[in-house]
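Below is one structure, written out as structure tokens, with a few remarks after it.
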Amino acid sequence: MDEEFWHRKWRSDEIGFHQGETNALLLRHFSALGLAPGARVFVPLCGKSRDVHWLLGQGYAVVGAELSRLAVEQLFAELGLDPEVTDQGPLERFEAGRLTVFVGDFLDLDRETLGEVAGVYDRAALVALPEPMRGRYAAHLAAVTRHAPQLLITFEYDPSLAIGPPFSVTEHEVRRHYGAAYHVACAEMHEMKGGLKGGHPAHEAAYLLKPR
Ligand SMILES: C[S@@+](CC[C@H](N)C(=O)[O-])C[C@H]1O[C@@H](n2cnc3c(N)ncnc32)[C@H](O)[C@@H]1O
């Protein structure tokens with residue numbers, strides 16, 4: 001899963017992962033992170049997610065990271081925001097109002113550049129990456145966010161039936177990546193109507209990660 005794979009997806013508008021509505025698990029479980037009003041929330045691999053609109057609407061300041069400049073241009077345009085764009089080392093920084101998005105490889109985003117965040121929302125980010133990359137992603141996310149509490153949304157399906165993305169990530173794997181540094185609790189797991197990847201049975205799960 002190289003960078004070109006994602007650039008191609010965005011260029012050809014093959015963005016089946018993009019949801020037209022706010023994610024229902026975000027609506028049901030984000031408050032369990034217990035963040036203060038106006039807190040700064042990090043959304044890794046944010047695409048042009050409607051969930052960013054919702055978080056801003058709740059009064060949070062949102063910081064995203066996204067590889068595709070096209071996705072980020074669309075995100076700001078759909079929000080009706082005209083960003084200021086500046087270079088930030090290997091990344092570009094798009095900023096308008098309470099929204100900042102770093103464009104480039106998430107692994108190039110360091111702690112100082114990101115700044116303090118109070119919470120993290122991962123939907124379709126960990127599961128977007130193949131297994132060999134997920135360990136690096138999770139370790140980097142924990143480090144740059146200084147183990148801020150996280151709402152993590154994953155998919156689970158029989159991996160012999162389909163190849164990701166999205167990849168199937170089990171609770172066991174979530175605990176392997178995050179269990180040493182966080183208390184991990186599964187807040188909800190439900191069967192997905194219509195399944196995933198051509199109708200294969202699948203579950204969507206929400207985990208609450210609180211630093212130990
Ligand atoms: C499956 S999509 C999910 C987007 C968004 N979270 C959502 O729920 O709609 C994964 C996103 O990660 C981005 N991406 C992939 N690899 C990345 C990387 N190394 N750094 C930053 N973004 C990346 C892709 O361009 C894509 O927009």
Side-chain angles (χ1 to χ4, degrees), residues 1-30 41-56 60 62-79 88-94 99-111 113-114 117 119-145 150-157 162-169 177 192 196-197 202 204-207:
M1 203 99 336
D2 57 6
E3 297 192 352
E4 188 45 35
F5 170 89
W6 293 107
H7 288 307
R8 214 179 320 115
K9 290 266 176 214
W10 280 104
R11 270 198 312 267
S12 54
D13 206 29
E14 284 174 51
I15 52 169
F17 53 80
H18 178 70
Q19 298 185 296
E21 304 286 336
T22 307
N23 185 281
L25 295 176
L26 171 66
L27 296 176
R28 285 204 282 279
H29 300 293
F30 195 72
V41 177
F42 182 48
V43 184
L45 283 56
C46 61
K48 59 165 188 171
S49 173
R50 298 288 309 178
D51 300 341
V52 170
H53 298 226
W54 183 82
L55 288 164
L56 290 168
Y60 296 111
V62 177
V63 192
E66 169 55 49
L67 188 62
S68 165
R69 193 180 208 271
L70 193 58
V72 176
E73 287 167 354
Q74 291 179 16
L75 173 65
F76 279 86
E78 288 171 14
L79 282 159
Q88 183 101 44
L91 306 170
E92 272 186 308
R93 180 191 184 106
F94 280 54
L99 177 61
T100 305
V101 181
F102 294 100
V103 179
D105 183 355
F106 164 65
L107 295 175
D108 285 333
L109 178 65
D110 59 40
R111 261 189 201 233
T113 304
L114 175 61
V117 293
V120 177
Y121 172 61
D122 172 336
R123 186 254 163 199
L126 180 69
V127 298
L129 304 172
E131 206 273 333
M133 289 175 69
R134 292 200 286 270
R136 265 184 83 196
Y137 163 86
H140 189 67
L141 182 59
V144 293
T145 63
Q150 179 177 170
L151 174 63
L152 165 64
I153 297 182
T154 62
F155 300 120
E156 268 191 55
Y157 57 86
I163 297 177
F167 294 91
S168 178
V169 174
H177 293 310
M192 297 177 74
L196 252 189
K197 303 221 60 118
E204 187 180 26
Y207 296 94

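Because only heavy atoms are used, hydrogens play no part in the values below, and waters and symmetry mates are left out as well, while side chains stay in. Numbering of ligands and ligand atoms starts at 1, following listing order.
Atom CZ of Arg93 has more than 12 heavy atoms from other residues, nucleotides or ligands within 6.0 Å. Atom CZ of Arg136 has 12 or fewer heavy atoms from other residues, nucleotides or ligands within 6.0 Å.
Taking only nitrogen or oxygen atoms, main chain and side chain alike, His18 does not reach within less than 3.5 Å of ligand 1.
Of the protein's heavy atoms, Leu45 CG, 3.7 Å lies nearest to atom 14 (N) of ligand 1. Shortest contact from atom 8 (O) of ligand 1 to any protein heavy atom: Arg123 NH1, 2.7 Å. Taking atom 22 (N) of ligand 1 as the reference point, the nearest protein heavy-atom neighbour is Leu67 N, 3.0 Å. The protein heavy-atom contact nearest to atom 19 (N) of ligand 1 is Asp105 OD1, 3.0 Å. Residue, atom and distance of the protein heavy atom nearest to atom 27 (O) of ligand 1 are Glu66 OE1, 2.8 Å. From the protein, the heavy atom lying nearest to atom 10 (C) of ligand 1 is Ala124 O, 3.6 Å. Among protein heavy atoms, the minimum distance from atom 20 (N) of ligand 1 is reached at Phe106 N, 2.9 Å.
Near Gly104, meaning under 4.0 Å from any of its heavy atoms, are these atoms of ligand 1: 20 (N), 21 (C).
Between Cys46 and ligand 1 there is a heavy-atom distance shorter than 4.0 Å. By the 4.0 Å heavy-atom criterion, Tyr137 is excluded from the residues contacting ligand 1.
Between Asn23 and Ile153 the shortest heavy-atom distance is OD1-CD1, 3.4 Å. Contact record, Tyr157 with Ala202: CB-CB, 4.0 Å, taken as the closest heavy-atom pair.
Side chain of Arg50 to backbone of Glu21: no donor-acceptor contact under 3.5 angstrom is found. Of the possible polar contacts, one joining the Glu66 side chain to the Gly47 backbone as a donor-acceptor pair under 3.5 Å is found. Without hydrogens or angle criteria, Lys48 side chain to Glu73 main chain gives no donor-acceptor distance under 3.5 Å.
The aromatic rings of His140 and Phe106 stand perpendicular to each other, their planes meeting at an angle above 60°, with 30° marking the opposite boundary.
Residue Trp6 holds the heavy atom nearest to atom 16 (N) of ligand 1 of all those in Phe17, Trp6, Trp10.
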